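Structure, as structure tokens:
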Amino acid sequence: MDFLMNSICGSLYIKLPAGWGIKTLNTPAQILLIILVVLICLTFLVVIIGLILSFERKLLNRAEIKALQSRKNLTPTQKFILAASSPTHSNQQKCVIDIWDTHKSAEEVEKVIALFEWGWGEFTNENARNMAYDCLERGYNTKYKEYCSMDASSPELVSKYSSFQRGLFEKMKQQYPKQGMLAWDLVRALSVVGGAYMGGAMAYEEAVGIAFEACKRLQENFSSWDDMVNNYTLGYQFWRNKKKKDRLRYYKQLKKTWIYDISWDTVLREDEL
């Protein structure tokens with residue numbers, strides 16, 4: 001304790017009397033000195049914390065201003081597409097799936113391309129287009145349709161899918177008998193065209209055209225953002241073959257931001273792309 005007080009006082013250029021120590025406190029002046037040193041230290045800490053918080057507020061304000069500016073530049077249809085693709089943003093590679101030049105640096109573009117190749121294969125326009133339309137027309141939902149067309153206890157299905165996946169199929173049959181895991185496929189289509197556009201393999205017009213079609217189908221088959229994301233989560237868990245809710249949690253965090261200010265019933269217009 002004596003060493004600590006000596007160090008603090010030394011840093012503040014306060015010279016303590018010779019032979020001073022905590023055990024030698026026996027006069028009001030010495031006690032007052034201790035109180036003074038403590039108050040100075042506390043004041044110093046409060047000032048430092050205040051400066052840190054002030055700097056943090058400035059950064060947050062700048063980020064909010066930037067977000068507001070970008071938001072003003074988006075049409076309602078573009079905002080809807082951005083919100084529909086947002087459940088995939090929790091990806092650790094920070095691949096932004098929206099299609100409005102959110103990432104521009106060479107390093108960010110490299111991450112987008114690497115992520116695309118990991119998930120979809122060759123980074124070409126032809127492959128991106130094929131993958132996007134496969135999600136729109138077939139996707140994982142063909143597995144659900146196959147399950148519904150067969151006896152759930154058939155040896156083929158038992159060997160092909162895990163008990164967890166078969167349980168998800170049953171859950172889909174109860175909650176989404178017509179849709180299956182359609183939201184998973186449609187949001188993945190947004191991911192494909194988003195990554196292809198951001199990396200330079202697909203032109204903006206082609207990317208938003210496919211995104212527009214996916215979002216129209218989402219509106220036709222689901223009743224709200226929550227409904228869409230809950231269905232998407234079932235598909236995500238099927239793909240991972242485990243109970244994962246990290247993207248659902250991320251969506252709930254995003255709901256507190258301006259991303260989901262856009263109404264689910266927004267009229268989507270091609271002239272707003």
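Excluded from the calculations below are hydrogen atoms, water molecules and symmetry mates; all remaining heavy atoms, backbone and side chain alike, are included. Computed from a predicted structure; not experimentally measured.
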Check against side chain to side chain contact (heavy atoms under 4.5 Å, CB included), E117 and E122: CA-CA 6 Å; E117 291 176 337; E122 188 178 6; over 6 Å; no
Gap separating the CZ atom of R269 from the CZ atom of F80, nearest 0.5 angstrom: 15.5 Å
E272: side-chain hydrogen bond (donor to acceptor under 3.5 Å, both in side chains) partners, not counting sequence neighbours: T77
Smallest separation among heavy atoms of S162 and N241, with atom names: OG-OD1, 2.6 Å
Residue list, side-chain contact (heavy atoms from CB on, under 4.5 Å) with Q174, at least two apart or on another chain: none
Partners passing salt bridge (Lys or Arg N to Asp or Glu O under 4.0 Å) against E137 (at least two apart in sequence or in another chain): none
Close side-chain approach of V109 and M198, heavy atoms under 4.5 Å: no
Nearest atoms (heavy-atom pairs only) where K173 meets C148: CG-SG, 3.9 Å
All salt bridge (Lys or Arg N to Asp or Glu O under 4.0 Å) counterparts of K252, not counting sequence neighbours: none
Heavy-atom donor-acceptor pair, Q78 side chain to L273 backbone, under 3.5 Å: yes
Partners meeting salt bridge (Lys or Arg N to Asp or Glu O under 4.0 Å) with D265 (sequence neighbours left out): none
Pairs involving residues 192-210, ordered by first then second residue, that meet salt bridge (Lys or Arg N to Asp or Glu O under 4.0 Å) (sequence neighbours left out): R129-E206
Pairs satisfying salt bridge (Lys or Arg N to Asp or Glu O under 4.0 Å), at least one member in residues 143-168, at least two apart: E146-K160
Side chain to side chain contact (heavy atoms under 4.5 Å, CB included) between V192 and R188, worked out: CA-CA 6 Å; V192 172; R188 287 170 79 241; 5.5 Å; no
By side-chain hydrogen bond (donor to acceptor under 3.5 Å, both in side chains) - contacts of D226 (at least two apart): Y251, K255
Residue pair A152 / L157: nearest heavy atoms and the distance that separates them: CA-CD1, 4.1 Å
Evaluation steps, side chain to side chain contact (heavy atoms under 4.5 Å, CB included), between D185 and L136: CA-CA 7 Å; D185 286 327; L136 288 175; over 6 Å; no
Any D246 side-chain heavy atom under 4.5 Å of Y250 side chain: no
Parallel, tilted or perpendicular: ring planes of Y236 versus Y232, cut at 30 and 60 degrees: parallel
Test item: Q237 side-chain N/O and L234 main-chain N/O as donor-acceptor pair under 3.5 Å: no
Shortest non-hydrogen contact from A211 toward V193: CB-CG2, 4.4 Å
Inter- and intrachain pairs under side chain to side chain donor-acceptor pair (under 3.5 Å), touching residues 211-223, at least two apart: S223-D227
M150 reachable from V158 in the ILVMFWY side-chain graph, under 4.5 Å edges: no
Nearest-0.5 Å distance that lies between atom OG1 in T233 and atom CG in L168: 11.0 Å
Atom pair CG (L74) and CG (L82), whose distance is rounded to the nearest 0.5 Å: 6.5 Å
Expected output: side-chain N231 to main-chain Y176 donor-acceptor under 3.5 Å: no
Aromatic ring pairing W264/W225, orientation class (parallel under 30°, perpendicular over 60°, tilted between): perpendicular
side-chain hydrogen bond (donor to acceptor under 3.5 Å, both in side chains) partners for R249, two or more places apart: none
Set of side-chain contact (heavy atoms from CB on, under 4.5 Å) partners for D134, sequence neighbours left out: R138
same_hphob_cluster(V267, M228) at 4.5 Å side-chain heavy-atom cutoff: no
Derivation of the side-chain hydrogen bond (donor to acceptor under 3.5 Å, both in side chains) call for Y147 and E170: CA-CA 9 Å; Y147 180 85; E170 289 299 320; 2.6 Å; yes
Results of ring pair (Phe, Tyr, Trp, His ring centres under 6.0 Å) for Y161 - residues two or more places apart only: F169, F238
Interatomic spacing from CD1 in I81 to CD1 in I210 - rounded to 0.5 Å: 11.5 Å
Residues L254, T257; criterion side chain to side chain contact (heavy atoms under 4.5 Å, CB included); working and verdict: CA-CA 5 Å; L254 270 184; T257 72; 3.9 Å; yes
Main-chain N/O of E126 paired to N130 side chain as donor or acceptor, under 3.5 Å: yes
Shortest non-hydrogen separation from Y197 to A207 and the atoms involved: CB-CB, 4.0 Å
Minimal non-hydrogen separation, Y260 against S86, with atom names: OH-CB, 3.4 Å
Rounded distance [0.5 Å steps], CH2 in W120 versus OG in S191: 6.0 Å
Distance, nearest 0.5 Å, that separates CG of N141 from SG of C135: 11.0 Å
